[in-house]
Amino acid sequence: MKFQAIKGVRDILPAESALWNRVEQTAREVFATYGYGEIRLPIFEQTDLFARSVGEESDIVSKEMYSFKTEDGLPERPSIQDLAGFTDWVKKVDIAYERGEIQKDEYFEKQLSEIKYFLQQGPDPGLGWEVYRRVMNGLAFGLDDTVRSQTAKLLSLRPEATASVCRAYIEHGMHTLPGNVKLYYIGPMFRRERPQKGRYRQFYQIGAEVLGQSDAPAIDAEVIEMLMAFFERAGLRSAALQGGKDAGLKPGATTDETTLYINSIGCKECRPKYVEKLRAALVEHINELKADSQRRVETNPLRVLDSKLPEEQAVIEKLPRITEHLCDACREHYGEVKKQLELRGVAYQENWRLVRGLDYYMRTTFEITAPGLGAQNAVCGGGRYDGLVELLGGPATKGIGFAIGTDRLILSLQEAAKQQGAGGTPALQELDVFIAWMGAVAQPEAVKIARTLREAGFSVEVPAEEMKFKKSIGLADKLGARFALIIGENEIAEGKYALKRLSDGVQEKVSADELIAAVRRSNE
RNA sequence: GUGAGCGUAGCUCAGCUGGUAGAGCAUCGGUCUGUGGAACCGAGGGUCGUGGGUUCAAAUCCCAUCGCUCACCCCA
């Protein structure tokens with residue numbers, strides 16, 4: 001076995017792809033009824049787009065993207081001339097950094113020292129791509145616009161699609177469109193993480209975004225309503241209405257039911273204040289925390305709330321909750337979102353420990369977990385991201401959206417089917433008619449009839465070479481054909497074919513004219 | 001990046017404390033040259049993940065390496 005799919009990617013074979021198509025088709029139909037249009041996006045973008053939107057410090061950007069340069073970008077291994085160019089930049093950057101013109105930042109400083117080291121070494125092939133990539137990133141991330149434009153050719157496979165949607169929104173002036181702009185997308189994303197159950201390096205998402213001037217809570221609620229409508233249509237077991245109780249569960253908690261968790265994580269005004277309160281509270285209990293959480297107190301205190309460690313749960317329960325520290329505007333917005341959800345009969349559980357990983361989220365956040373998955377049991381995550389479009393250079397715009405992890409949704413559906421004992425045999429390709437022909441005179445006839453049937457919309461299999469009759473019928477059976485159409489010398493002479501229904505073996509004689517009607521009639 | 005478990009036929013797996021590979025399913029052929037599902041007979045398909053070591057002898061023991069899986073980190 002010489003070649004195999006690379007780590008974290010996989011083939012989806014016909015036995016499974018039928019379900020995939022059904023799920024994606026359901027999304028298209030449901031989203032269309034809510035007025036969403038499909039946007040087909042490129043699979044790669046300028047690295048910087050993701051760096052800005054997702055956050056340069058995030059794991060996604062700092063180490064999980066598949067990045068590469070374009071032909072007209074900088075060469076993979078710098079030549080002497082390029083080095084001269086680098087040296088100039090670095091001098092400029094160094095001076096700007098010392099003067100404080102570039103924001104002081106540990107990450108950037110590290111990049112800069114890597115670059116300096118690299119330059120001292122000269123164009124040594126032994127240094128390889130990895131260091132060079134960091135040089136590129138370093139240059140791309142911290143520099144003034146003239147330098148940035150020279151490194152703008154560093155591209156990345158998209159790790160998510162919200163940034164692309166916003167980019168497209170800006171690029172095509174969609175803010176001039178009437179009403180809110182509602183878009184959905186379906187397709188693969190790429191993250192270079194260690195694979196595990198429900199987590200792949202090429203994974204698929206179905207997502208939707210609403211962009212426009214309004215941040216009315218009813219928009220949030222309608223987005224979630226649509227999502228739940230989709231899950232229901234897709235056949236995911238749904239949660240019973242439990243109302244505004246605070247589940248207090250960390251998002252990874254296992255439940256047997258599909259569950260919608262919601263939270264508000266505040267805005268630029270109130271969140272930083274809360275984070276400081278949280279950090280202060282955590283520092284008090286620092287000794288009760290494990291290493292991972294201790295580190296997070298510094299890097300991202302909100303993440304401590306995500307901890308699954310049993311020994312940390314007691315501490316976490318006593319921490320300040322963001323819902324109690326929201327500013328008036330955010331509290332009001334959140335309250336209204338909940339009302340709107342109840343109005344729509346959407347079952348939800350509040351979860352104050354639900355925090356989002358990406359920088360751009362604010363206010364409403366939500367996540368849906370489904371049964372039958374492993375540790376990665378979130379099938380959907382989303383939230384509001386007012387200001388993201390602006391951050392990317394567009395007009396002031398409100399936004400909210402979600403992304404469904406299709407791989408996980410499929411996994412959960414398959415798991416449910418397995419438990420109901422339904423999913424024993426993988427679905428065969430639909431096959432209506434197998435043409436069992438024999439004798440050289442029958443072959444042209446078989447080809448003609450196949451064409452006619454196919455034009456009528458039936459799926460037809462014609463053996464490419466003559467088979468023994470018994471084999472032929474046997475193959476029809478194994479392929480799961482509904483009918484075998486028998487054409488031999490007798491049939492040609494008689495002008496009538498034998499149409500055999502394989503489920504019960506009943507056979508009738510039909511002329512060419514009657515054939516389509518006959519197949520259609522007994523097709524139920 | 002970290003940890004654990006696992007790599008034997010297309011698939012699921014057996015192979016006990018070393019004696020140089022097996023089953024079931026699947027595939028193909030035959031019994032069966034105009035009627036499928038069954039039965040019976042037969043065939044193909046494996047450098048036992050790879051490389052090294054111990055040994056007269058390694059799928060089996062040891063080391064290394066690669067791959068897969070699950071979990072952590074992070075996140076959909």
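We name chains A, B, ... by the order of the sequence lines, and we start the count at 1 in each one. Source: prediction; values computed, not measured.
- Residue A:Q196 places at least one side-chain N or O closer than 4.0 Å to OP1 or OP2 of B:rC72.
- In terms of position on RNA chain B, the residue among A:G382 and A:D504 whose nearest nucleotide sits closer to the 5' end is A:D504.
- When each of A:L373 and A:C380 is assigned the nucleotide of RNA chain B bearing its nearest heavy atom, the one mapping closer to the 5' terminus is A:L373.
- Taking only side-chain nitrogens and oxygens, A:R356 comes nearer than 4.0 Å to OP1 or OP2 of B:rA76.
- When heavy atoms are screened at a 4.0 angstrom cut-off, A:K470 is found touching base atoms of the nucleic acid.
- Salt-bridge annotation for A:E193 and A:R199: present, with a side-chain N of the basic residue lying under 4.0 Å from a carboxylate O of the acidic one.
- For the pair A:G399 and A:D386, the tightest heavy-atom approach, listed with the atom from each and the gap, is N-OD1, 3.0 Å.
- Shown here, B:rA14 forms no base pair; nothing in the strands shown gives a Watson-Crick or G-U wobble contact with both key distances under 3.5 Å.
- B:rU69 and B:rU27: their P atoms are spaced 27 Å apart (whole Å).
- Side-chain atoms of A:E64 stay outside donor-acceptor range of the base of B:rG1, with no qualifying N/O pair under 3.5 Å.
- Contact between the side-chain N/O atoms of A:K468 and the OP1/OP2 oxygens of B:rG30 is found at a separation under 4.0 Å.
- In the interface, the side chain of A:R199 is paired with the base of B:rC74 through a donor and an acceptor atom under 3.5 Å apart.
- Computed from coordinates, the A:Q202 CD to B:rC75 C1' distance equals 18 Å when rounded to whole Å.
- Spacing between B:rU47 and B:rG7 at atom C1', rounded to whole Å, works out to 16 Å.
- At B:rG36, none of the side-chain N or O atoms of A:K471 fall inside 4.0 Å of OP1 or OP2 (strictly under the cut-off).
- Judged by distance alone, with hydrogens and angles left aside, A:R194 brings no side-chain donor or acceptor close enough to the base of B:rA71 to form a pair under 3.5 Å.
- Comparing the same atom, C1', in B:rG5 and in B:rC75 gives a spacing of 24 Å after rounding to whole Å.
- Residue-level contact check: A:F203 touches the bases, meaning some heavy atom is under 4.0 Å from a base atom.
- Pair assignment for B:rG45: none, as no Watson-Crick or G-U wobble contacts are both less than 3.5 Å.
- Nucleotides B:rU8 and B:rG44, compared at atom P, are 22 Å apart to the nearest Å.
- The side chain of A:I486 approaches B:rU35 more closely than any other nucleotide in the set B:rA76, B:rU35, B:rA71.
- Distance from the side chain of A:F469 is smallest to B:rG34 among B:rC74, B:rG34, B:rC72.
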For a side-chain contact (heavy atoms from CB on, under 4.5 Å) check, start with the C-alpha distance between A:K290 and A:E311, then their side-chain angles and the critical distance, and finish with the verdict. CA-CA 9 Å; A:K290 298 286 175 183; A:E311 46 285 37; 3.3 Å; yes
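- On a pure distance criterion of 3.5 Å, a polar donor-acceptor pair joins the side chain of A:K500 and the base of B:rU35.
- A:E491 comes within 4.0 angstrom of a base, heavy atoms only.
- In this structure A:Y385 satisfies the side-chain hydrogen bond (donor to acceptor under 3.5 Å, both in side chains) test together with A:E209, sequence neighbours excluded.
- No side-chain donor-acceptor contact under 3.5 Å links A:E64 and A:Y66.
- The residue A:Q507 sits close to a base: some heavy atom pair falls under 4.0 Å.
- Base pairing of B:rC74: no nucleotide in any strand meets the Watson-Crick or G-U wobble criterion (both distances under 3.5 Å).
- Taking a pair to require two hydrogen-bonding distances under 3.5 Å in either a Watson-Crick or a G-U wobble arrangement, B:rC61 pairs with B:rG53.
- For the pair A:R10 and A:Y200, the cation-pi test (distance below 6.0 Å, angle within 45°) is passed.
- B:rA21 is unpaired under the Watson-Crick or G-U wobble criterion, no partner having all donor-acceptor distances under 3.5 Å.
- Under 4.0 angstrom from either OP1 or OP2 of B:rC75 there lies no side-chain N or O belonging to A:K308.
- A donor and an acceptor atom never sit less than 3.5 Å apart when one is taken from the side chain of A:Q376 and the other from the base of B:rA71.
- Relative orientation of the A:F31 and A:Y36 rings is tilted, given thresholds of 30° and 60° on the angle between their planes.
- We find that CG of A:L411 is positioned 13 Å from P of B:rU69, with the value rounded to whole Å.
- Here A:N490 lies in heavy-atom contact (under 4.0 Å) with a base.
- Residue A:R295 is classed as a sugar-phosphate contact, given heavy-atom separations below 4.0 Å to backbone atoms only.
- Taking a pair to require two hydrogen-bonding distances under 3.5 Å in either a Watson-Crick or a G-U wobble arrangement, B:rU31 pairs with B:rA39.
- Contact annotation for A:G505: base contact, defined as any heavy-atom pair under 4.0 Å involving a base atom.
- Under the Watson-Crick or G-U wobble criterion, with both distances below 3.5 Å, B:rC68 is paired with B:rG5.
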